[in-house]
Amino acid sequence: MHNTHVGIDALAFAGPEHYLDMTDLAAARGVDPGKYLHGLGQKQMAIATPCEDTVTMAVAAGARALAAFGIDPGEIGTLIVGTETGIDHSKPVAVYVHELLGLSRNCRTFETKHACYGAMAGLTASIDWIAAGRARGRKALVIASDIARYGLETPGEPTQGAGAVAMVVSDRPRLLELDRTRFGDYTRQVMDFWRPLYSKYALADGHYSIECYLDALEGAWHDAANDTPQTLALDRLAACLYHVPFVKMARKAHHKHLEIEHGGPLPSDDAQAHARLNASYAEKVAPWLELNATVGNIYTGSLFLALIDLLRQGRASFEGREVSLFSYGSGCGATFCVGRIAASAARQAAALDPQADLDARRRLDIDEYERIMAESETGDLVETLDPSRYGLDRGGLFYVGTREHVRRYARA
Ligand code: CAA
């Protein structure tokens, strides 16, 4: 039963203006392109220049969500930015975003960090803020913004990306109602992926991180199921959305999801069970992974990028149907929950489709990509950065250097 109607009222994606094609990366690294395209499921990955950071992407996504869904900045009473790639050890990204979006001085504003889980933490905090009666009719703005970087010639290199997803949470959600009775959580101290304070690059124990992700899915699912696993039955779900560090991970997650429901591993010689898995994946997961395949890993926003992909398809037949969402943050923390697609969702499809922006991106060659990666290492120390150096000539907000220890932003 949906005992309240709190949920997602607006959604928008914004990302960098450049991308690297996975076939170009494969050629440069001497790897069979099939590994990246089919083994990982990735086609392209968004590359942020030193002038595009967590703040500029968050502002672009936030402004877009407010404008596209006709929400006045004065209606926002809570702003939370979830990020793994903060720009200061102390000062939150959210307070820059607060000013740049022109939000009210009486808005509660903070940053959440838990690897890729930060935005789900923000979403659940916002739902609780509204359900507890603290919102007084106002809405919350939750923004996931990240630059996923593992470094050149590392195993994680093909699973990089960058981008931000903004979502407005309200008690009259036009997109997705979230059922507070079907949230399950999971936490365990593991060293699967982390980024020490001194490093621009994430460190990952890649194969172990996949195991940790799948264990967390099982743990969070059981917590959400509580005594009523039938309320989570896959048959009821129109779609299953997962955290997507790379597309193949969503397939592994769905396989695990079926096994959890089945109560054990699918025997490798059970052809019928594997046919059911393939059909279920093709119906409930694969159709909304296109944006993830062309943007790459955006850490906190990856799950919600899949949600945008689903909703931009405007399927009226999905209205009123349930979907599951699984958020995983390395380290690790996770939430599994169920939502219901709102009755008006299909009408909003055009407002949240980022395809035109993605089509306008410029393809980098491998030398440009490697130069951007090298220059990004020192971007925080440079006094003056010129966006036109990176071909950023379409307007917008950019990071333009750090002077006297203060980060500066300007509109080009
Ligand atoms: N054609 C088709 N497929 C191929 C192929 C080819 N020529 N060559 C290899 N493959 C397949 C492999 O069989 C494998 O598929 P399966 O997993 O289905 O077996 C897939 O391509 C990947 O191959 P490898 O496992 O050999 O790849 P790898 O060892 O180089 O590393 C990785 C892959 C572990 C994902 C690595 O990219 C990595 O460390 N990424 C960062 C960590 C990460 O994303 N972890 C995800 C879980 S943690 C999380 O979700 C939080 C987060 O966002 C980071």
Side-chain angles (χ1 to χ4, degrees), residues 20 22-23 25-27 29-43 45-46 82-85 113-121 144-163 165 186-195 199 201-220 241-257 266 268 274 277-278 281 285-286 289 292-293 295-306 325-336:
L20 186 65
M22 298 311 285
T23 57
L25 182 63
R29 300 292 174 253
V31 169
D32 178 343
K35 174 170 175 181
Y36 297 166
L37 299 174
H38 308 297
L40 297 174
Q42 293 303 126
K43 296 178 185 167
M45 60 188 189
T83 184
E84 187 271 359
T85 29
K113 182 186 73 179
H114 190 150
C116 308
Y117 181 74
M120 179 56 98
S145 186
D146 270 306
I147 299 174
R149 279 211 172 111
Y150 295 89
L152 303 179
E153 300 184 36
T154 59
E157 188 180 24
T159 64
Q160 300 178 120
V165 174
Y186 180 85
T187 299
R188 183 176 154 223
Q189 206 296 95
V190 290
M191 294 305 286
D192 64 329
F193 164 107
W194 66 105
R195 191 162 66 83
S199 178
Y201 297 116
L203 306 177
D205 187 343
H207 293 275
Y208 179 53
S209 72
I210 294 172
E211 265 176 55
C212 294
Y213 175 122
L214 297 174
D215 287 349
L217 171 58
E218 184 159 19
L241 304 168
Y242 302 98
H243 168 54
V244 191
F246 52 93
V247 162
K248 176 67 98 47
M249 190 67 229
R251 189 185 161 87
K252 292 178 193 290
H254 198 60
H255 186 155
K256 182 73 177 185
H257 197 161
L266 302 182
S268 53
H274 285 272
L277 165 62
N278 288 338
Y281 176 76
V285 187
L289 292 173
N292 296 93
V295 171
N297 194 359
I298 56 168
Y299 290 161
T300 45
S302 293
L303 164 68
F304 303 102
L305 190 57
L325 295 93
F326 174 67
S327 170
Y328 176 73
S330 286
C332 74
T335 290
F336 182 95

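Fair warning: this is a prediction, and the values are worked out from it, not measured in the lab. We count ligands from 1, going down the list as the structure has it; atoms in each ligand are counted the same way.
- In this structure, F326 has its ring center closer than 6.0 angstrom to the ring center of Y213.
- In this structure, SG in C212 is found 13.0 Å from CG in L217, a value given to the nearest 0.5 Å.
- Remark: the N297 side chain and the S302 side chain contain an N/O donor-acceptor pair separated by less than 3.5 Å.
- Taking all atoms of both residues into account, the shortest heavy-atom contact from S209 to G206 is OG-O, 2.6 Å.
- Counting all heavy atoms, side chain and backbone alike, A119 lies closest to F304 at CB-CE1, 3.9 Å.
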For ligand 1, list all ligand N or O to protein N or O distances below 3.5 Å, rounded to 0.1 Å.
from: ligand 1; atom 1: 7 (N); to: D32; atom 2: OD2; distance (Å): 3.1
from: ligand 1; atom 1: 15 (O); to: K248; atom 2: NZ; distance (Å): 3.3
from: ligand 1; atom 1: 17 (O); to: K252; atom 2: NZ; distance (Å): 2.5
from: ligand 1; atom 1: 18 (O); to: K248; atom 2: NZ; distance (Å): 2.7
from: ligand 1; atom 1: 18 (O); to: K252; atom 2: NZ; distance (Å): 3.3
from: ligand 1; atom 1: 27 (O); to: K35; atom 2: NZ; distance (Å): 3.3
from: ligand 1; atom 1: 29 (O); to: H207; atom 2: NE2; distance (Å): 2.8
from: ligand 1; atom 1: 30 (O); to: K35; atom 2: NZ; distance (Å): 2.7
from: ligand 1; atom 1: 37 (O); to: P155; atom 2: O; distance (Å): 2.8
from: ligand 1; atom 1: 40 (N); to: T159; atom 2: OG1; distance (Å): 3.2
from: ligand 1; atom 1: 45 (N); to: S209; atom 2: OG; distance (Å): 2.8
from: ligand 1; atom 1: 50 (O); to: H243; atom 2: NE2; distance (Å): 3.3
from: ligand 1; atom 1: 53 (O); to: H243; atom 2: NE2; distance (Å): 2.8
from: ligand 1; atom 1: 53 (O); to: N297; atom 2: ND2; distance (Å): 3.1

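- The NZ atom of K252 lies 5.0 Å from the CD1 atom of I210; values are rounded to the nearest 0.5 Å.
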